[in-house]
Engineer: 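Got a structure for you, written out below as structure tokens; questions coming shortly.
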Amino acid sequence: METSFHNVLTSPAKAVAVILLVLLLNTACQAQLTSTFYDNSCPNALSAIRTSIRNSIAAERRMAASLIRLHFHYCFVQGCDASILLEETPSIESEQTALPNKDSARGYRVIEKAKSEVEKICPGVVSCADTLAVAARDASAYVGGPSWTVMLGRRDSTTASRTLANSELPSFKDGLDRLISRFQSKGLSARDMVALSGSHTIGQAQCFTFRDRIYSNGTDIDAGFASTRKRTCPAVGGDANLAPFDLVTPNSFDNNYFKNLIQKKGLLESDQILFGGGSTDSIVSEYSRSPAAFSSDFASAMIKMGNIDPLTGTAGEIRKICSAIN
Ligand code: HEM
């Protein structure tokens with residue numbers, strides 16, 4: 001006698017199996033982001049975001065760097081659910097005051113502005129989470145970096161976690177193994193981590209983040225580079241003084257970051273450690289030689305990062321404004 005799935009199961013078991021299968025398929029479909037998500041519901045959403053982001057970066061070029069960093073800090077905490085944009089209330093413990101973000105993460109208002117432009121044309125349709133993902137791509141493209149097709153369909157969280165923001169985001173003091181494992185725990189490889197760190201080709205860091213390194217007299221730092229940096233970052237005080245990551249082309253998204261690492265001119269300890277005799281040296285060398293490899297890997301890694309635990313389907317909500325839940 002034939003023992004197929006069909007006749008082995010009794011009727012109630014069959015019904016349960018079918019329900020489970022439908023649920024499973026449903027979850028799989030919901031978890032899927034697509035590039036065409038707003039094609040019918042808000043066809044002009046992406047161009048409205050782009051115009052708004054371009055205006056903000058035209059007014060302050062560093063904002064491009066700040067938005068790319070915001071994309072990282074938004075996806076690493078609770079997934080890419082825009083929890084980072086929520087401000088403190090009695091029921092929300094804002095991530096904005098967590099150590100890695102406080103007085104450092106920027107661009108919240110720029111996202112709010114872009115979202116408000118989209119609300120004008122399609123109220124209640126486009127999430128803050130997707131607005132941020134599109135903004136980071138537009139920021140990269142605007143300053144000469146790679147562009148990519150943004151996957152869409154994320155929804156916004158109704159919660160935030162300062163505790164997670166304090167524990168999940170990497171520190172400039174992390175060693176290589178720690179950095180690799182932090183990214184791996186989010187589904188990103190060491191290669192993704194190196195490519196993404198390449199965005200330290202633009203933007204700035206505060207003195208307190210690199211002081212120990214420039215005053216270390218270590219063998220892993222170029223002496224001329226250290227003394228240049230000391231001019232604006234004293235041994236005591238001036239904690240918030242800014243320095244560009246890339247001395248040569250601080251405003252263009254290029255592969256100079258990797259050339260700097262090879263010359264021992266990485267600004268943070270967590271930058272230089274990527275070319276410090278460990279397993280990522282060969283990736284740094286490759287990107288320093290091939291802008292094309294860096295560019296395409298950076299784009300893929302940003303898409304991958306944008307896929308970290310999104311809220312989809314009916315989970316979460318579409319916020320009206322990004323700084324507060326509805
Ligand atoms: C690998 C671990 C990483 C560490 C330890 C790290 C650490 C830092 C630190 C300490 C700053 C300076 C913040 C300040 O002084 O206010 C910074 C800035 C920045 N980070 Fe990272 N970062 C890492 C990875 C990334 C990734 C994955 C991205 C994006 C894909 C990114 C993008 C940026 C950008 C663009 C800036 C400049 C921001 C601005 O000028 O406003 N970083 N990072």
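All figures in this text were calculated on a predicted structure; none of them were measured in a lab.
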Engineer: Between R319 and E119, does any NZ, NE, NH1 or NH2 come within less than 4.0 Å of an OD or OE carboxylate oxygen?
Structural biologist: no

Engineer: Not counting sequence neighbours, which residues clear salt bridge (charged side-chain N to carboxylate O under 4.0 Å, His left out) with R155? List them please.
Structural biologist: none

Engineer: Start with the C-alpha gap between R69 and S104, add the side-chain angles, then the distance that decides, and say whether side-chain contact (heavy atoms from CB on, under 4.5 Å) holds.
Structural biologist: CA-CA 10 Å; R69 181 171 190 232; S104 165; 2.7 Å; yes

Engineer: Looking at R50 and E117, is there a salt bridge between them, counting it only when a charged N and a carboxylate O are closer than 4.0 Å?
Structural biologist: no

Engineer: Would D130 and R154 satisfy salt bridge (Lys or Arg N to Asp or Glu O under 4.0 Å), going step by step from the backbone distance to the final call?
Structural biologist: CA-CA 6 Å; D130 279 344; R154 300 170 193 79; 2.7 Å; yes

Engineer: Under 4.0 Å between a side-chain nitrogen and a carboxylate oxygen: does that hold for R182 and D174?
Structural biologist: yes

Engineer: What is the ring orientation for H200 with Y257, classed by angle as parallel under 30°, tilted 30 to 60°, or perpendicular over 60°?
Structural biologist: perpendicular

Engineer: Are any non-hydrogen side-chain atoms of R106 and R62 less than 4.5 angstrom apart?
Structural biologist: yes

Engineer: May I ask you to decide if A136's main-chain N or O and S140's side chain share a donor-acceptor pair within less than 3.5 Å?
Structural biologist: no

Engineer: Using the rule that two of Ile, Leu, Val, Met, Phe, Trp, Tyr join whenever any of their side-chain heavy atoms come within less than 4.5 Å, decide whether M151 and I308 are in one cluster.
Structural biologist: yes

Engineer: Just wondering, are more than 12 heavy atoms of other shown residues or ligands nearer than 6.0 Å to NZ in K230?
Structural biologist: yes

Engineer: Please identify which of these residues, I111, L46, V126, I53, meets the side chain to side chain contact (heavy atoms under 4.5 Å, CB included) condition with V134.
Structural biologist: L46

Engineer: Please round to the nearest 0.5 Å and tell me the distance separating atom CD1 of I214 and atom OG of S227.
Structural biologist: 9.5 Å

Engineer: Are N251 and I202 packed together at the side-chain level, in the sense that at least one heavy-atom pair is separated by less than 4.5 angstrom?
Structural biologist: no

Engineer: Would a single hydrophobic cluster contain both V118 and L70, if residues Ile, Leu, Val, Met, Phe, Trp and Tyr are joined by side-chain heavy-atom contacts under 4.5 Å?
Structural biologist: yes

Engineer: Could you walk me through whether C80 and N307 pass the side-chain contact (heavy atoms from CB on, under 4.5 Å) check?
Structural biologist: CA-CA 7 Å; C80 311; N307 252 320; over 6 Å; no

Engineer: Checking the side chain of E95 only, and the main-chain atoms of L164 only, is there a donor and an acceptor separated by less than 3.5 Å?
Structural biologist: no

Engineer: Nearest 0.5 Å please: distance from the OG atom of S66 over to the CD1 atom of I57.
Structural biologist: 9.5 Å

Engineer: So if you build clusters from Ile, Leu, Val, Met, Phe, Trp, Tyr with side-chain heavy-atom gaps below 4.5 Å, do L268 and V284 land together?
Structural biologist: no

Engineer: Less than 4.5 Å apart, side chain to side chain, heavy atoms only: is that true for L33 and P310?
Structural biologist: yes

Engineer: Which class fits the ring pair F253 and F294: parallel under 30°, tilted 30 to 60°, perpendicular over 60°?
Structural biologist: parallel

Engineer: For R211 versus G237, what's the shortest heavy-atom pair and its separation?
Structural biologist: NH2-O, 2.6 Å

Engineer: Between Y38 and N44, is the side-chain hydrogen bond (donor to acceptor under 3.5 Å, both in side chains) condition met? List the steps.
Structural biologist: CA-CA 8 Å; Y38 298 113; N44 294 324; over 6 Å; no

Engineer: Does the side chain of F245 reach to within under 4.5 Å of the side chain of Q204, using non-hydrogen atoms?
Structural biologist: no

Engineer: Looking at S171 and L179, what are the two nearest heavy atoms and their distance?
Structural biologist: O-CD2, 4.4 Å

Engineer: Salt bridge between E269 and K173, side-chain N to carboxylate O under 4.0 Å?
Structural biologist: yes

Engineer: T249 side chain to D246 main-chain N or O, any donor-acceptor pair under 3.5 Å?
Structural biologist: no

Engineer: Check this for me, if you would: do D138 and R54 make a salt bridge, where the nitrogen-to-carboxylate-oxygen distance has to be below 4.0 angstrom?
Structural biologist: no

Engineer: Indicate the atoms forming the closest heavy-atom contact of F298 with P146, along with that distance.
Structural biologist: CD2-CG, 3.6 Å

Engineer: Has D222 got a side-chain atom pairing as donor or acceptor with F225's backbone, closer than 3.5 angstrom?
Structural biologist: yes

Engineer: With no hydrogens and no angle check, is any side-chain donor or acceptor of D156 less than 3.5 Å from a backbone partner on A82?
Structural biologist: no

Engineer: Go through C233 and N241 one step at a time and tell me if the side-chain contact (heavy atoms from CB on, under 4.5 Å) criterion holds.
Structural biologist: CA-CA 6 Å; C233 181; N241 292 359; 5.6 Å; no

Engineer: Report yes if the side chains of L152 and V150 come closer than 4.5 Å at any heavy-atom pair, otherwise no.
Structural biologist: yes

Engineer: How many angstroms lie between atom CG of N255 and atom CG of N260, to the nearest 0.5 angstrom?
Structural biologist: 9.5 Å

Engineer: Taking all atoms of both residues into account, what is the closest heavy-atom pair of Q206 and D239, and its distance?
Structural biologist: CB-O, 3.5 Å

Engineer: Side chains of N256 and T201: do they bring a donor and an acceptor to under 3.5 Å?
Structural biologist: no

Engineer: Would you say the side-chain atoms of E93 and T163 include a donor-acceptor pair closer than 3.5 Å?
Structural biologist: yes

Engineer: Counting C-beta onward and ignoring hydrogens, is there a side-chain heavy-atom pair between F275 and V194 closer than 4.5 Å?
Structural biologist: no

Engineer: For residues Y215 and L247: do they belong to one hydrophobic cluster (side chain heavy atoms under 4.5 Å, members Ile, Leu, Val, Met, Phe, Trp, Tyr)?
Structural biologist: yes

Engineer: Could you tell me whether the side chain of Q272 and the main chain of L261 form a donor-acceptor pair under 3.5 Å?
Structural biologist: yes

Engineer: Would you sort out whether L274 and M193 count as a side-chain contact (heavy atoms from CB on, under 4.5 Å), showing the intermediate values?
Structural biologist: CA-CA 9 Å; L274 303 181; M193 190 261 290; 3.8 Å; yes

Engineer: If only side-chain N and O atoms count, and only distance matters, is there a donor-acceptor pair under 3.5 Å linking Y74 with D81?
Structural biologist: no

Engineer: Tell me whether S56 contacts the main-chain N or O of V110 through its side chain, where contact means a donor paired with an acceptor under 3.5 Å.
Structural biologist: no

Engineer: Is D271 close to F172 at the side-chain level, that is, under 4.5 Å between some pair of heavy atoms?
Structural biologist: no

Engineer: Find the distance between NE2 (H71) and CG (L196) and round it off to the nearest 0.5 Å.
Structural biologist: 9.5 Å

Engineer: Quick one: does any side-chain atom of D297 pair with a main-chain N or O of A195 as donor and acceptor, under 3.5 Å?
Structural biologist: no

Engineer: Establish, for the pair K186 and F76, whether the NZ or CZ atom is under 6.0 angstrom from the six-membered ring centre and no further than 45 degrees off its axis.
Structural biologist: yes

Engineer: Do S94 and R162 have side-chain atoms, one donor and one acceptor, less than 3.5 Å apart?
Structural biologist: no

Engineer: In Å and rounded to the nearest 0.5 Å, what is the CD to OG distance from Q78 to S161?
Structural biologist: 5.5 Å

Engineer: Rounded to the nearest 0.5 Å, what's the gap from CG on L86 to SG on C128? Could you check?
Structural biologist: 8.5 Å

Engineer: If we ignore angles and hydrogens, is there a donor and acceptor under 3.5 Å between the side chains of D254 and S252?
Structural biologist: no

Engineer: Testing the basics here: between I84 and H73, what is the closest heavy-atom pair and its distance to 0.1 Å?
Structural biologist: CD1-CB, 3.6 Å

Engineer: Under a 3.5 Å distance rule, please check whether E317 uses its side chain to pair with a backbone N or O of N326 as donor and acceptor.
Structural biologist: yes

Engineer: List the atom of L176, the atom of G278, and the distance in Å for their closest heavy-atom pair.
Structural biologist: CD2-CA, 4.1 Å

Engineer: Within the side chain of N101, is there an N or O that forms a donor-acceptor pair under 3.5 Å with the backbone of T97?
Structural biologist: no

Engineer: With the 4.5 Å side-chain cut-off for hydrophobic clustering, are I321 and I325 part of the same group?
Structural biologist: no

Engineer: Within the 4.5 Å heavy-atom criterion, are K115 and L85 side-chain neighbours or not?
Structural biologist: no

